[in-house]
Amino acid sequence: MANNILVIAEQRDGVLKKVAFEMLGAASELAAALGGTAQAALLGTDLTELAKTLAEYGATKVYVADDEGLATYSSEGY
């Protein structure tokens, strides 16, 4: 049974929202208690630097969906 926790990291216009860091911190603590890791998912475009930032803040793995269709939020695209 996997004890990893996935955080959907919200960003707008290339800037991570504060809540992404808060959730990643909480996920890291909970995952450590469960013997797992905190991971993040990031959607948008041109996300390389944001993915690095999430790793610096404790994400052991960052899943990236980088596509021009995700550049602007839409419920259909996301």
Side-chain angles (χ1 to χ4, degrees):
M1 180 175 174
N3 295 321
N4 299 333
I5 297 175
L6 180 67
V7 170
I8 308 300
E10 184 180 355
Q11 63 87 23
R12 289 286 185 267
D13 301 320
V15 178
L16 288 163
K17 295 290 195 170
K18 181 181 175 185
V19 69
F21 299 110
E22 294 169 353
M23 301 252 323
L24 190 54
S28 294
E29 290 180 22
L30 183 57
L34 296 172
T37 62
Q39 302 175 358
L42 188 57
L43 292 84
T45 188
D46 298 322
L47 302 170
T48 303
E49 292 304 314
L50 297 183
K52 289 178 185 176
T53 299
L54 290 170
E56 291 169 2
Y57 276 83
T60 59
K61 189 178 284 190
V62 180
Y63 300 94
V64 176
D66 192 327
D67 187 90
E68 287 298 320
L70 300 171
T72 303
Y73 176 81
S74 72
S75 58
E76 184 178 319
Y78 276 62

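Reckoned from all heavy atoms, side chains included, excluding hydrogens, waters and symmetry mates. Counting from 1, the numbers follow the sequence of the chain as shown.
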Y57 atom OH, neighbour heavy-atom count above 12 within 6.0 Å: no

Shortest non-hydrogen contact between L34 and N3, atoms and distance: O-ND2, 2.8 Å

Pair listing, ring-ring contact (aromatic ring centres under 6.0 Å, His included) test, anchored in residues 27-46, at least two apart: none

Flag, side chain of T60 to backbone of A38, donor-acceptor distance under 3.5 Å: yes

Distance in Å, T72 OG1 paired with R12 CZ, rounded so as to fall on 0.5 Å steps: 9.5 Å

From CD (E49) to CD (E56), nearest 0.5 Å: 8.5 Å

Nearest heavy-atom neighbours spanning T45 and A71: CG2-CB, 3.6 Å

Shortest non-hydrogen contact between V15 and L50, atoms and distance: N-CD1, 4.4 Å

Non-hydrogen atoms of A55 and V62 that approach each other most closely: N-CG2, 4.3 Å

Taking every non-hydrogen atom, the tightest pair across N4 and T37: OD1-N, 2.9 Å

Interatomic distance, D66 atom CG to L47 atom CG [nearest 0.5 angstrom]: 4.5 Å

Pairwise distance CG(D46) to CD(E68) - rounded to 0.5 angstrom: 6.5 Å

Atom of G44, atom of Q11 and distance for their closest heavy-atom approach: CA-NE2, 3.7 Å

L6/Y63 under side chain to side chain contact (heavy atoms under 4.5 Å, CB included): CA gap, chis, key distance, verdict: CA-CA 9 Å; L6 180 67; Y63 300 94; 4.0 Å; yes

L16 and L42: CA distance, side-chain angles, deciding distance, side chain to side chain contact (heavy atoms under 4.5 Å, CB included) verdict: CA-CA 10 Å; L16 288 163; L42 188 57; 3.9 Å; yes

